[in-house]
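Worksheet: the structure to be examined is printed underneath.
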2 protein chains.
Amino acid sequence: MVTIYDVAQRAAVSPATVSRVLNGRSSVDPDLVARVRQAVDELDYRPNAVARNLRRSRTTLWAVVISDVGNPFFTSLVRGVEDVAQRAGYSVVLCNTDEDPAKEARYVTAALADRMAGVIISVAGRSTAQVSRLLSAGVPVVAIDREIAGVQVDTVLVDNAHGAELATGHLLDGGYQRVACITGPRRVSTAVQRLRGYQKALRSRGVPVREHLVRYSDFREEGGYAAMASLLDEADPPDAVFAANNLMTVGAVECLTNRGIAVPTQAGVVGFDDIPWADLVRPSLTTVAQPTYELGRTAAVLLAERLTEPGRAPSTVTLHTQLKVRESSTRGA
Amino acid sequence: MVTIYDVAQRAAVSPATVSRVLNGRSSVDPDLVARVRQAVDELDYRPNAVARNLRRSRTTLWAVVISDVGNPFFTSLVRGVEDVAQRAGYSVVLCNTDEDPAKEARYVTAALADRMAGVIISVAGRSTAQVSRLLSAGVPVVAIDREIAGVQVDTVLVDNAHGAELATGHLLDGGYQRVACITGPRRVSTAVQRLRGYQKALRSRGVPVREHLVRYSDFREEGGYAAMASLLDEADPPDAVFAANNLMTVGAVECLTNRGIAVPTQAGVVGFDDIPWADLVRPSLTTVAQPTYELGRTAAVLLAERLTEPGRAPSTVTLHTQLKVRESSTRGA
DNA sequence: TTGTAAGCGTTATCAC
DNA sequence: GTGATAACGCTTACAA
């Protein structure tokens with residue numbers, strides 16, 4: 001292991017000078033710079049970031065805590081984060097929680113132990129405990145996709161209620177009578193917000209909100225399938241459904257297909273969040289599209305800014321969704 | 001910042017004892033253990049992993065170097081790695097190369113600087129330079145998905161040539177006459193292997209290998225689209241295509257659809273690697289399915305084993321693919 | 001501008 | 001079994 005002392009010795013300067021050359025803040029005699037650079041090359045010296053981190057008491061690691069890398073929504077978001085992080089000199093540590101608060105806690109513990117520079121998190125639970133642990137340790141936190149009640153942190157969201165309202169309204173205005181809603185876990189803010197948007201659309205059109213047309217599921221494909229099945233088993237089954245995320249939409253459509261219910265003629269479907277290659281799916285799916293990559297990018301930018309300017313007040317950025325009408329919600333005439 | 005000294009003071013023991021209690025290797029008097037634990041709780045002491053890493057001169061970080069988290073193939077693979085890593089006490093750092101050797105080099109530099117415990121890599125280039133840098137620094141490397149010529153490392157692959165041969169053979173046996181191939185970049189081993197499998201299937205059936213029916217593309221959706229377009233512009237266009245990865249398959253099908261060419265009646269399609277919700281796509285896609293999650297899991301297990309047993313000889317694990325016949329390759333009668 | 005030296009917070013090697 | 005103490009490799013006052 002070649003250290004800064006080896007380089008110093010070879011270049012016949014002090015370790016401090018080597019450090020100065022490498023970090024290039026203070027000015028160093030050009031001759032010495034040349035000697036140091038040569039020694040670095042000759043010895044193939046690689047600065048030890050662990051030692052540097054200890055000395056500076058900060059690292060260049062960001063934790064990105066999400067519920068599932070398998071979901072293209074989070075994938076795209078992570079990509080946005082990573083692109084910004086890399087450019088700013090940070091690396092991204094991936095933390096899958098599977099919506100499990102215990103896993104979330106473990107990752108927070110790791111982030112704390114490893115003195116990570118910051119955390120971008122889509123919280124799994126309603127409790128603010130994990131985020132508070134980070135904040136009280138002085139670790140900057142950016143909430144992404146999901147709000148954290150009662151805590152002041154930088155936050156990046158989309159207009160969930162609005163998007164859901166558009167989606168539901170679109171179904172109602174298209175002539176569907178009994179529009180159901182499959183939303184996510186009660187403890188997740190997006191699930192609640194999207195359900196609210198759904199309810200608001202019904203109310204504003206004088207349609208009664210019927211509880212038996214609402215299902216709380218898990219944001220996963222299987223959950224969407226099961227919820228749809230359960231809705232169809234009602235005495236008075238829905239003729240349309242709004243699903244509050246991409247995977248549940250896929251599950252719901254699969255269920256409808258398997259039961260021989262034609263979409264959109266016998267049942268209309270709108271999902272929240274797009275899926276990749278939506279164009280290949282038949283019928284193509286009407287969705288509330290989110291700027292997923294931008295979501296990640298924005299969160300990363302907020303984190304980077306907070307790291308350089310820790311004192312400033314937390315801000316919340318709300319990005320806009322967009323209803324993309326495709327086949328699954330439009331009955332012929 | 002509460003350190004091990006604070007805990008020691010409060011528990012009226014030495015820092016060494018605190019360390020021993022926390023790491024629990026050597027035996028410590030139960031009384032002292034209790035006092036230390038209490039002090040840890042009261043002070044909410046969190047060991048500083050950075051300091052520990054410096055002292056131990058090893059970390060608990062793995063780098064996973066892939067070309068794109070946006071591709072569900074890599075997503076699933078990463079998931080497999082992460083599940084194993086977490087259980088073994090490691091965190092996963094995500095490194096997107098976009099098939100760019102320069103980016104790959106930057107990430108290797110970071111892995112080296114951060115003294116990461118190991119690297120799982122799907123190499124972007126043909127050059128072994130980056131991997132050699134890691135190996136000569138003593139960092140264990142596991143090659144995943146793509147082979148690294150001329151270097152002895154643990155490797156996890158699938159039977160690429162075999163899968164491609166099955167896929168192509170299936171098209172030929174189904175009566176398609178002019179089967180084209182859209183493969184990946186020449187420098188990537190999987191692209192080469194899959195092309196070879198394609199050629200072998202042709203040869204074994206006495207069908208001449210025609211170079212103008214082969215395209216080297218980029219493993220991305222747009223690339224697949226462009227390659228398909230270019231094939232269709234040939235004087236003697238193909239009536240079937242084998243695409244060497246999932247995204248290019250999607251692109252190829254989109255191109256065919258846009259040109260009004262019906263799949264599978266006018267053109268048959270088989271892709272390498274599955275896509276999520278393949279069942280919703282119409283026509284559903286015949287694919288060579290890979291055990292993506294297993295691929296990641298296996299690589300992670302190999303890495304974990306090498307970390308505990310550095311001396312053992314590198315091994316190569318080849319997992320099996322499976323042809324899943326769906327609609328896109330089967331002309332009615 | 002350059003060098004000396006004191007840490008950063010652990011763990012591990014010694015004595016006891 | 002326990003406690004001093006010396007590293008681990010770097011950065012940064014401070015002194016020269």
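So that the names make sense, note that chain A is the first sequence line, chain B the second, and so on, each numbered from 1.
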Along DNA chain C (nearest heavy atom to each residue), the more 5'-positioned of Ala51(B) and Arg20(B): Ala51(B)

Between the base of dG9(C) and the side chain of Arg115(A), is there a donor-acceptor distance below 3.5 Å? no

Could one point to a donor on the side chain of Arg55(B) or the base of dT10(C) with an acceptor on the other under 3.5 Å away? no

Below 4.0 angstrom from OP1 or OP2 of [N], is there any side-chain N or O of [X]?
X	N	result
Ser57(B)	dC8(D)	no
Thr17(A)	dG3(C)	yes
Tyr5(B)	dG3(D)	no
Ser14(A)	dT4(C)	no
Asn23(B)	dT11(C)	yes

Could you check whether Arg10(A) pairs with Asp41(A) (Lys NZ or Arg NE/NH1/NH2 to Asp/Glu carboxylate O, under 4.0 Å)? no

Do NZ/NE/NH1/NH2 and the carboxylate oxygens of Glu99(A) and Arg146(A) come within less than 4.0 Å? yes

Would you classify [X] as touching base, sugar-phosphate or nothing, given that sugar-phosphate means primed atoms plus P, OP1 and OP2, and contacts are heavy atoms under 4.0 Å?
X	result
Ser26(A)	nothing
Thr3(B)	sugar-phosphate
Val13(B)	sugar-phosphate

Return the value, rounded to whole Å, for the distance between atom [atom1] of [X] and atom [atom2] of [N].
X	N	atom1	atom2	answer
Arg58(A)	dG9(C)	CZ	C1'	17 Å
Leu32(A)	dG3(C)	CG	C1'	11 Å
Arg56(A)	dG9(C)	CZ	P	16 Å
Gln9(B)	dA4(D)	CD	C1'	16 Å
Arg35(A)	dT1(C)	CZ	C1'	13 Å
Ile4(A)	dT4(C)	CD1	P	14 Å
Leu112(A)	dG9(C)	CG	C1'	15 Å
Asn48(A)	dT10(C)	CG	P	17 Å

So how far is it from Leu22(B) CG to Tyr45(B) OH, rounded to the nearest 0.5 Å? 6.0 Å

Has Glu42(A) got more than 12 heavy atoms of other residues, nucleotides or ligands less than 6.0 Å from its CD? yes

Return yes when atom CD of Gln9(B) has more than 12 non-hydrogen atoms of other residues, nucleotides or ligands closer than 6.0 Å, and no otherwise. no

Check Thr97(A) against Ser67(A) and note the closest heavy-atom contact, atom names and distance. OG1-CA, 3.3 Å

Nearest to side-chain heavy atoms of [X], which nucleotide of [options]:
X	options	value
Ser19(A)	dG9(C), dG9(D), dT11(D)	dT11(D)
Leu54(A)	dT13(C), dT10(C), dC8(C)	dC8(C)
Asp29(A)	dC10(D), dT1(C), dT4(C)	dT1(C)

